[in-house]
Trainee: 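Below are the structure tokens for one structure; questions will follow.
Quick caveat, the model's predicted, so the values are computed rather than measured. Throughout, residue positions are numbered sequentially from 1 according to the sequence presented.
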Amino acid sequence: MTAFTVALVLVVAAAGLLRWRRPAWYWLTFGVTLAALRVLVRYGSVMDACGLTVPPSRWRLTLARITNRPTPESRPPRILRLRPTRTGLVLRLKLQPGQDAFDIAAASDRLRHSFSMYGVTSRELRSGVVELRMTGYDVLKRVQMPAQTDTAPMRVPVALREDGAVHYRDYRAIPHALTLGATESGKSVYQRNLVAGLAPMDVALVGIDCKQGVELFPLARRFSALADNPDTAADLLDALVTHMEGVYQLIRAEQRITADVPDAEIAADIWNLPADLRPTPIVVLVDEVAELALYATKEEEKRRDRIITALARLAQLGRASGIYLEVCGQRFGSELGKGITMLRAQLTGRTAHRVNDESSANMAFGDIAPDAVLAAIQIPADMRGVAISGDSTGGWHRIRAPHTSLRQAVNTCNRHADLTPDLPALASFRPVLGISKPVDAPAVESVPATA
């Protein structure tokens, strides 16, 4: 009995230590079993307390009255499947007649407390079927991406969601995106993860970094073109517009519109072209968009209008030609001048890190997901990298990218430098990677003495 007590104490102490220091290990060893039992035992009473049950149907009441049996109880949603994951539990429910998926979503916070879980989110899979994703611990406190991710062409895993799922940046589904955030909010780390994820893919990277290139130029070996000032950026964007027009000419020449070609094979963008003719897709990363929109003189105003016009054209027309925009900035409001709101309307994906005021959050989500505005302004300052990500559908998630140092991103880009495509239209903007040889200074003895 003494040995059993000692072993039990050791197991409890180990569980407590793991829960404190390594919550992920605790969940995989102890937490998942305890949570599954807790959900199954409490399920009926919790659903009844949360108002997620429906009264028995008339035929059940009639049958009980005829057979002289007790009145049947109210019925909760039926459990279709309970699946454990590396971060929590996935509970799939079949709704009862008269219930709605919104009822489950509205009760998510009460379910979180009742089942003693860290977080509960819901989504409707199909008519009458709802999936609850429960997290057993704070997965955003120490982000650990899974070893295996569902990668695909132009689909990059960049962060982890608060429900434990991987957040992907899918350029085929959402061509253009806007990333906002204050200084030291984690935008640079998010951008490094994006570049590191794109580096092994067959894609051309084009960067515009008006902070003299301090963010993107260390990654230059994987970039096909880079600009570090507004003047060069204007020329680079004009070259991209010209390249886009050339790609459209290629698509028109290869559309194969004949009577014997099925409609599904008619080319309307680069992804419908044969692989040997398909141009390389291009991802354009703009590090600080406000530097492109600000001006102080008439000449700078002309340059600014030229830049914004080119960006708007790429946002409106670039998807079919394989050009995708990734625009970053601290603010992106109408105070940056004409054309800014038109450009923002074309940026479907929205990601907001910690912002300094509510108006900055409204710039990202005010026109697509008002509920996300409050979540964006509540991000604490000590949680760098936490962001709210949404799109034009109105849905949004809290995400956090894993910490990637600049050295790690540079090593990844250097490792895949051989994949950097050479685009003739952007050849003049290809970053110079060689280091100039230092000029030999004359020795001190050779310097003539002054009179």
Side-chain angles (χ1 to χ4, degrees), residues 23 27 30-67 69-140 160-167 365 369-375 378 388-391 393-399:
W27 175 257
F30 301 98
V32 63
T33 303
L34 296 176
L37 291 175
R38 190 164 54 242
V39 169
L40 293 176
V41 171
R42 299 181 183 177
Y43 180 75
S45 60
V46 167
M47 289 296 172
D48 186 38
C50 294
L52 298 177
T53 58
V54 296
S57 59
R58 291 183 178 180
W59 72 268
R60 292 184 65 195
L61 291 173
T62 303
L63 183 62
R65 196 179 304 115
I66 294 174
T67 58
R69 292 181 178 178
T71 303
E73 298 179 352
S74 298
R75 294 175 297 167
R78 183 161 54 91
I79 298 178
L80 296 180
R81 186 173 67 178
L82 178 63
R83 178 171 59 89
T85 66
R86 58 185 291 270
T87 59
L89 298 173
V90 177
L91 187 64
R92 186 168 295 183
L93 304 177
K94 172 65 175 176
L95 299 182
Q96 298 291 348
Q99 291 184 324
D100 185 75
F102 179 77
D103 299 334
I104 306 294
S108 294
D109 198 52
R110 285 177 286 171
L111 295 175
R112 176 176 68 89
H113 290 290
S114 301
F115 290 135
S116 301
M117 303 296 287
Y118 184 81
V120 174
T121 58
S122 68
R123 67 187 182 105
E124 182 179 353
L125 297 182
R126 59 182 183 272
S127 178
V129 178
V130 173
E131 184 179 84
L132 287 177
R133 297 189 68 93
M134 307 179 184
T135 51
Y137 59 95
D138 187 2
V139 298
L140 300 185
L160 200 65
R161 293 181 180 177
E162 63 178 342
D163 60 0
V166 178
H167 178 73
F365 301 114
D371 294 342
V373 175
L374 181 61
Q378 289 179 341
I388 306 299
S389 180
D391 54 45
T393 62
W396 58 274
H397 304 275
R398 185 175 285 102
I399 65 172

Trainee: Kindly give the heavy-atom pair with the smallest separation between Val54 and Pro97, and that separation in Å.
Mentor: CG1-O, 3.8 Å
Trainee: Please check this pair: side chain of Thr135 against backbone of Gly119, looking for a donor-acceptor N/O pair closer than 3.5 Å.
Mentor: yes
Trainee: For Tyr137, look at atom OH and say whether over 12 heavy atoms of other residues, nucleotides or ligands are found less than 6.0 Å away.
Mentor: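 Enclosed.
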Trainee: Under the rule for side chain to side chain contact (heavy atoms under 4.5 Å, CB included), what residues qualify as partners of Val32, not counting sequence neighbours?
Mentor: Trp27, Pro84, Leu89
Trainee: Side chain to side chain contact (heavy atoms under 4.5 Å, CB included) with Ile79: which residues, sequence neighbours excluded?
Mentor: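 For Ile79 the side chain to side chain contact (heavy atoms under 4.5 Å, CB included) partners, ignoring immediate neighbours, are Leu40, Tyr43, Leu91, Leu93.
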Trainee: Mind listing the closest non-hydrogen atom pair of Pro77 and Gln99 along with its distance?
Mentor: CG-OE1, 3.4 Å
Trainee: Tell me if a side-chain donor or acceptor on Glu162 pairs with a main-chain N or O of Leu140 at a distance below 3.5 Å.
Mentor: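 A pair under 3.5 Å: no.
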Trainee: Return the CG to CE distance between Leu82 and Met134, rounded to the nearest 0.5 Å.
Mentor: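 CE of Met134 is found 7.5 Å from CG of Leu82.
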Trainee: Under the salt bridge (Lys or Arg N to Asp or Glu O under 4.0 Å) rule, what pairs show up with a residue in residues 127-139, not counting sequence neighbours?
Mentor: Arg92-Glu131, Arg123-Glu131, Glu131-Arg133, Arg133-Asp163
Trainee: Closest heavy-atom contact between Ala35 and Met117?
Mentor: CB-SD, 4.0 Å
Trainee: Quick one: list whatever passes side chain to side chain contact (heavy atoms under 4.5 Å, CB included) with Thr53, sequence neighbours left out.
Mentor: Met47, Asp48, Ser74, Pro76
Trainee: For Thr85, give me all partners under side chain to side chain contact (heavy atoms under 4.5 Å, CB included), at least two apart in sequence or on another chain.
Mentor: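 Arg83, Thr87, Val90.
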Trainee: Can you see which heavy atom on Trp396 is nearest to which on Ile388, and at what distance?
Mentor: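 So the minimum-distance heavy-atom pair works out to CE3-CG2, 3.6 Å.
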Trainee: Provide the closest heavy-atom pair for Gly390 versus Phe365 in the form atom of the first, atom of the second, distance.
Mentor: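 That would be N-CE2, 3.9 Å.
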Trainee: Any pair with a residue in residues 96-112 that passes salt bridge (Lys or Arg N to Asp or Glu O under 4.0 Å), sequence neighbours left out, goes on the list, sorted by first then second residue, please.
Mentor: Asp109-Arg112
Trainee: Could you report the tightest heavy-atom contact between Leu132 and Ser122, atom names first, then the distance?
Mentor: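 Scanning both residues completely, I find the closest heavy atoms to be CD2-CB, 3.5 Å.
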Trainee: Nearest 0.5 Å, what's the CZ-CG distance between Arg75 and Leu52?
Mentor: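 CG of Leu52 is found 14.5 Å from CZ of Arg75.
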